[in-house]
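Notes follow once the structure below has been shown.
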Amino acid sequence: QVQLVESGGGLVQAGGSLRLSCAASGGTFSTYIMGWFRQAPGKEREFVASIWPSGSTTYYPDSVKGRFTISRDNGKNTVYLQMNSLKLEDTAVYSCAARQWFHSEFNYWGQGTQVTVSS
């Protein structure tokens, strides 16, 4: 129902910053809970951040808390992930995801964008 396209990935040095964007189309963006996930080679997908439809509530795992910030602009149908103080272990494919409140898991996914952190 909703299509998601990520952008903004790239190569950055450890300690640097990067902002990812996810543009949504084909759905009512302002009604979706949005999230970011990442997956490194050989590892399972990891939850990175989520944000409620209004943007009033956000969640982060300890691995990124204090360094990453999720935000959204419902007028632009876009969700962002600001990544600061990047570490080598942040290297992964980052994917945007969406779900409605009555779904227990995210069921719409973008194609992903590569983030590589170098030393």
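Everything quoted here is computed from the prediction, not taken from an experiment. Side chains are part of it too, since the values below use all heavy atoms of this structure and drop only hydrogens, waters and symmetry mates.
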- In plain terms, say whether Asp62 and Lys65 are close enough for a salt bridge, that is, a side-chain N and a carboxylate O under 4.0 Å apart. yes
- Contacts of type side-chain hydrogen bond (donor to acceptor under 3.5 Å, both in side chains), residue Asn74, not counting sequence neighbours: Arg72
- Give me the other members of the hydrophobic cluster that Leu20 sits in, counting Ile, Leu, Val, Met, Phe, Trp and Tyr linked by side-chain heavy atoms under 4.5 Å, directly or via other members. Val2, Leu4, Val12, Leu18, Phe29, Tyr32, Met34, Trp36, Val48, Ile51, Tyr60, Val64, Phe68, Ile70, Val79, Leu81, Met83, Leu86, Leu88, Tyr94, Tyr108, Val115, Val117
- For residues Ala40 and Ala92, report the shortest heavy-atom separation together with the two atoms involved. N-CB, 3.8 Å
- Task: Kindly indicate whether the side chain of Ser63, heavy atoms from C-beta on, has any atom under 4.5 Å from the side chain of Glu46.
- Result: yes
- Just wondering, do Gln114 and Thr91 contact through their side chains at under 4.5 Å, heavy atoms? yes
- Message: Show every side chain to side chain donor-acceptor pair (under 3.5 Å) that has at least one partner inside residues 15-24, sequence neighbours left out.
- Response: Ser17-Asn84
- Query: Are Val5 and Gln3 close enough that some pair of their side-chain heavy atoms sits under 4.5 Å apart?
  - Reply: no
- Between CZ of Arg38 and CD of Glu89, what distance do you get to the nearest 0.5 Å? 8.0 Å
- Query: Can you check whether Cys22's main-chain N or O pairs, donor with acceptor, with Glu6's side chain at less than 3.5 Å?
  - Reply: no
- Task: Taking all non-hydrogen atoms of both residues into account, name the closest pair between Gly112 and Ser95 and its distance.
- Result: CA-OG, 3.6 Å
- Query: Can you name the side chain to side chain contact (heavy atoms under 4.5 Å, CB included) partners of Ser71, sequence neighbours left out?
  - Reply: Tyr80
- Look at the side chain of Thr78 and the backbone N and O of Lys76, then say whether any donor-acceptor pair between them is shorter than 3.5 Å. yes
- Item | Transitive ILVMFWY cluster of Phe102, excluding itself - 4.5 Å side-chain cut-off | Ile33, Phe37, Phe47, Trp52, Tyr59, Trp101, Phe106, Trp109
- Item | Partners passing side chain to side chain contact (heavy atoms under 4.5 Å, CB included) against Thr28 (at least two apart in sequence or in another chain) | Ser30, Thr31
